[in-house]
Amino acid sequence: MRIYFTVIIITLSSVIINGCLTYDSFHRRSYLLNEKKENPQEAIKYNPNNLLEKYKGNDAVFIHYSTVYDQIQIEYTYKIVSAKYLIINKDNEQLTTLSFPKGSSSSRKFYAVIRNPDGWVKFLSIDDLTEIEENGDIFYKIAFPNIVKGSIVEYGYEVEHGIGYSYSLGRTSFVVLPLQLNYPCINYKLTYTIPTILKPYVQDLPKDLKDNLTMTKDKNDHKTCFIFEKKNVAPVKYEPYSEDLFVRTSPLVISLYIDQMGKESTFQRSVESVWNFMFYKNTISNKLKYKVDDIIKNCKSRNEKLDSLLTYLRREYKVDRYLDISRIDYDDVFESKRAPEKALVAYFQALLNYAGVESSYVLATERKWGDISGVNHSIEHMKPGIYVSLDNGIAVVFPFYSKLPYYSIPVEFAGQKALRITPAHSSSDDEFTYSYIDLPRKSIQPLQIIESLDIKITDDGKMIVDDYRVFHGSASHYEIYRFYNKSFDDKVRIYKSKLNYKNVTLDIKKLELENLKINSSAQFAIKSNYVIGNSVVFLPDEIVLQTNGILGLDRNYMTIGDTVKRENNVVIYESEEMIRKINIHFPKNWKPLMKDSSYKVIYKIGSIDWKIDYTPGLLTYQIKRSINEGLFEPLSFSELLEIQGTHGKLFDESIVFSKQDN
């Protein structure tokens, strides 16, 4: 059951002996009993009928929710959850089921109690849990029985698990902990305990939250404890196309740092190993120069040089985070074709500079982590990239991030602040400085999809479709990685899912994928032929073509929900343009009974424009849709629904023909 957003903990280097960081944690298990008894005063205070009335409109209300993160060692944490909530919407599966990681066998406790308004009570224990596997991990899962409106569910569990792995660069950890749930909570408590050898830095909170946070140190137990307690916590409402939770809420953000010698580690010190690699190993040998010259020999612009060198790097090199970059140089990287990611990006920058493509080394964090300028940031947590001025604009390339083309900035980084690392005085100086810069919000080349469909309707009602789709920008790479290295049967299955047709029988006769290769400037295309067999209905006086989504636009890039009512702003991280032309051929003695020949709406969030041309035996639909990057008010969501997706005007459009005598 996902009732709060993800907690992310990136651990420190494990150079410290774990045994030095342990302390007595027996207290954390004391409340986990096999049987829970109702407190009479609490039952009166939180009367189900009163709560149902007070919190109507919500799916549930939590009477209490408590989470303890007990980091007893540098590599291990106990997570203990205790919750009690009233069910208002019994059909919400997130509230009627629970799942959590199985973790190690050394700590595994669970209880649950269900109380219904009619007096029915059910106690559950660890023996009632079912083990399931998801993406190689084992989880416990349980479906709570006999849930009705007004049921009160109470549960608690404890699990021990490792929370990370060693890094060869830096010694800083970064922790993000939620201070809100997806539902209103009357009593919320968060506890995070760490060994005192870890030095915490807490990102500033708004005053109304800061007043509820306390930090204590226990020298006897060698621990530091953060406790956040707050009453009547408002819920975080998930809505599609909202800003990241980090932007909309204020989680507890803590940087932790340590040094092998007990000294505090700063970002300046953490990045030194990367800078030293860049400065002291920045000699490009002749054999490496020959390789670069060969790669760019036919390139006529900075864009082409960057594209060719990026393709070479992605094809030939592998990230190896365990290598010690203090022991390798550029020639070692060239020969072994592997290095830690940040070192490989520095190596890539050296190749670009030799090729005449001036660039800067940047470190950035994803949007979900907020403004990095307010945190003593971990170098492990940051992604390396190259800031470069090209012929058609500024690009920031993340060479090993989702293998996007050089001209597309990942939406997770668009508009974010980043650190640009440069020499302090000159290129020959071994000192460096870093400054905050704003990454571009838009990719140099926008996402564009052009589709052409030629449909022939036979006398018996079958539809024979020649379908050709061309993808530009990040859409090209998105599609390439969907189909790349897949079997033909899998390609057919993936393609069918793309078509978004509803309630049709679909027989793929031909499927060709053009330019299906890993190349950062590839223009990918799909050519297909298929037969739809059940979309034409013959009536005594009319023929009805049930388009079932054939006229609708591809929704793979803009999947949205069905609700128009919103609380949050609408955010679009990447602009999109889609153009579609559809020719529908039919017997000449059929005459379409058309109501509209054109339709056009223009909003700030985007626009749609379509028109229909008719000649005997042929209908031509020309459709253009644009969706704009930006932040929009909540009401704009209804406009987004109007111009695309299953709510679009054409998606379920039926075409009615009258049959004329020959």
Side-chain angles (χ1 to χ4, degrees), residues 299-311 314 388 390-399 401-414 439-454 466-484 486 491 494-495 497-500 511-528 552-559 572-582 605-610 621-630 640 643-645 648:
C299 297
K300 299 178 181 179
S301 66
R302 286 177 292 176
N303 293 50
E304 292 179 358
K305 291 178 181 179
L306 171 61
D307 186 18
S308 297
L309 288 170
L310 180 61
T311 301
R314 289 173 169 173
V388 57
L390 297 174
D391 299 335
N392 53 343
I394 297 295
V396 178
V397 183
F398 294 90
Y401 190 86
S402 301
K403 300 193 184 298
L404 285 174
Y406 71 86
Y407 47 76
S408 291
I409 184 167
V411 296
E412 291 85 352
F413 296 108
L439 298 182
R441 291 194 61 88
K442 297 181 179 181
S443 299
I444 293 177
Q445 183 173 329
L447 184 156
Q448 185 186 58
I449 307 165
I450 301 175
E451 303 177 350
S452 300
L453 279 72
D454 196 74
D466 286 314
D467 191 325
Y468 188 62
R469 306 178 183 219
V470 182
F471 304 87
H472 302 269
S474 59
S476 171
H477 283 256
Y478 175 81
E479 293 298 337
I480 286 173
Y481 279 92
R482 289 182 73 190
F483 289 98
Y484 193 72
K486 298 294 192 303
K491 290 174 182 175
I494 293 169
Y495 181 64
S497 70
K498 275 187 57 60
L499 295 176
N500 295 315
L511 179 62
E512 297 177 1
L513 306 179
E514 298 179 358
N515 211 8
L516 182 60
K517 59 184 179 181
I518 306 302
N519 184 296
S520 60
S521 61
Q523 178 179 294
F524 180 65
I526 303 175
K527 181 184 292 186
S528 66
L553 296 174
D554 191 321
R555 295 179 289 123
N556 283 301
Y557 305 97
M558 297 293 292
T559 304
I572 306 295
Y573 290 121
E574 185 173 23
S575 60
E576 172 190 325
E577 181 179 72
M578 180 173 285
I579 300 171
R580 183 176 245 204
K581 182 178 180 180
I582 306 172
I605 202 169
S607 63
I608 188 167
D609 184 357
W610 58 267
Y621 286 77
Q622 297 186 66
I623 310 166
K624 181 178 180 180
R625 181 189 72 201
S626 297
I627 296 174
N628 301 322
E629 168 270 336
L640 182 63
I643 63 177
Q644 71 90 46

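This chain uses plain numbering: 1 for the first residue, then up along the sequence. Here the structure is a predicted model, which is why all the values come from computation and not from measurement.
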Subject >> Residues which pass side-chain contact (heavy atoms from CB on, under 4.5 Å) with Lys527, listed by chain and number, not counting sequence neighbours >> reply: Tyr468, Lys510, Glu512, Glu514
Output the distance between atom [atom1] ([X]) and atom [atom2] ([Y]), rounded to the nearest 0.5 Å.
| X | Y | atom1 | atom2 | answer |
| --- | --- | --- | --- | --- |
| Arg469 | Leu453 | CZ | CG | 5.5 Å |
| Ile572 | Ile627 | CD1 | CD1 | 6.5 Å |
| Glu574 | Asn628 | CD | CG | 12.5 Å |
| Ile623 | Ile608 | CD1 | CD1 | 6.5 Å |
| Ser308 | Asn303 | OG | CG | 10.5 Å |
| Met578 | Gln448 | CE | CD | 10.0 Å |

Heavy atoms only: give me the nearest [X]-[Y] pair and the separation to one decimal.
| X | Y | result |
| --- | --- | --- |
| Phe524 | Asn515 | CD1-O, 3.9 Å |
| Leu447 | Ser575 | CB-O, 3.6 Å |
| Lys305 | Cys299 | CG-CB, 3.7 Å |
| Ile449 | Ala475 | CG1-CB, 4.2 Å |
| Ala395 | Tyr406 | CB-O, 3.7 Å |
| Ser528 | Leu511 | CB-CD1, 4.1 Å |

Subject >> Worked verdict on Lys498 versus Ile526 for side-chain contact (heavy atoms from CB on, under 4.5 Å) >> reply: CA-CA 11 Å; Lys498 275 187 57 60; Ile526 303 175; 4.2 Å; yes
**OP:** Evaluate the side-chain contact (heavy atoms from CB on, under 4.5 Å) criterion for residues Tyr495 and Phe483: first the C-alpha distance (whole Å), next the side-chain angles of each, then the deciding distance (0.1 Å), finally the verdict.
**Re:** CA-CA 9 Å; Tyr495 181 64; Phe483 289 98; 4.3 Å; yes
Original post:
Would Arg625 and Glu576 count as a side-chain contact (heavy atoms from CB on, under 4.5 Å) if you check the C-alpha gap in whole Å, the side-chain angles of each, and the deciding distance to 0.1 Å?
Top reply: CA-CA 8 Å; Arg625 181 189 72 201; Glu576 172 190 325; 2.2 Å; yes
Original post:
Yes or no on side-chain contact (heavy atoms from CB on, under 4.5 Å) for Lys491 and Leu516, after CA distance, side-chain angles and deciding distance?
Top reply: CA-CA 12 Å; Lys491 290 174 182 175; Leu516 182 60; 3.9 Å; yes
**OP:** Indicate yes or no for a side-chain donor-acceptor contact from Arg314 to the backbone of Pro399 under 3.5 Å, with no hydrogens or angles considered.
**Re:** yes
Original post:
Counting only heavy atoms not in Lys581, do more than 12 fall under 6.0 Å of its NZ?
Top reply: no
Subject >> Close side-chain approach of His472 and Ile450, heavy atoms under 4.5 Å >> reply: yes
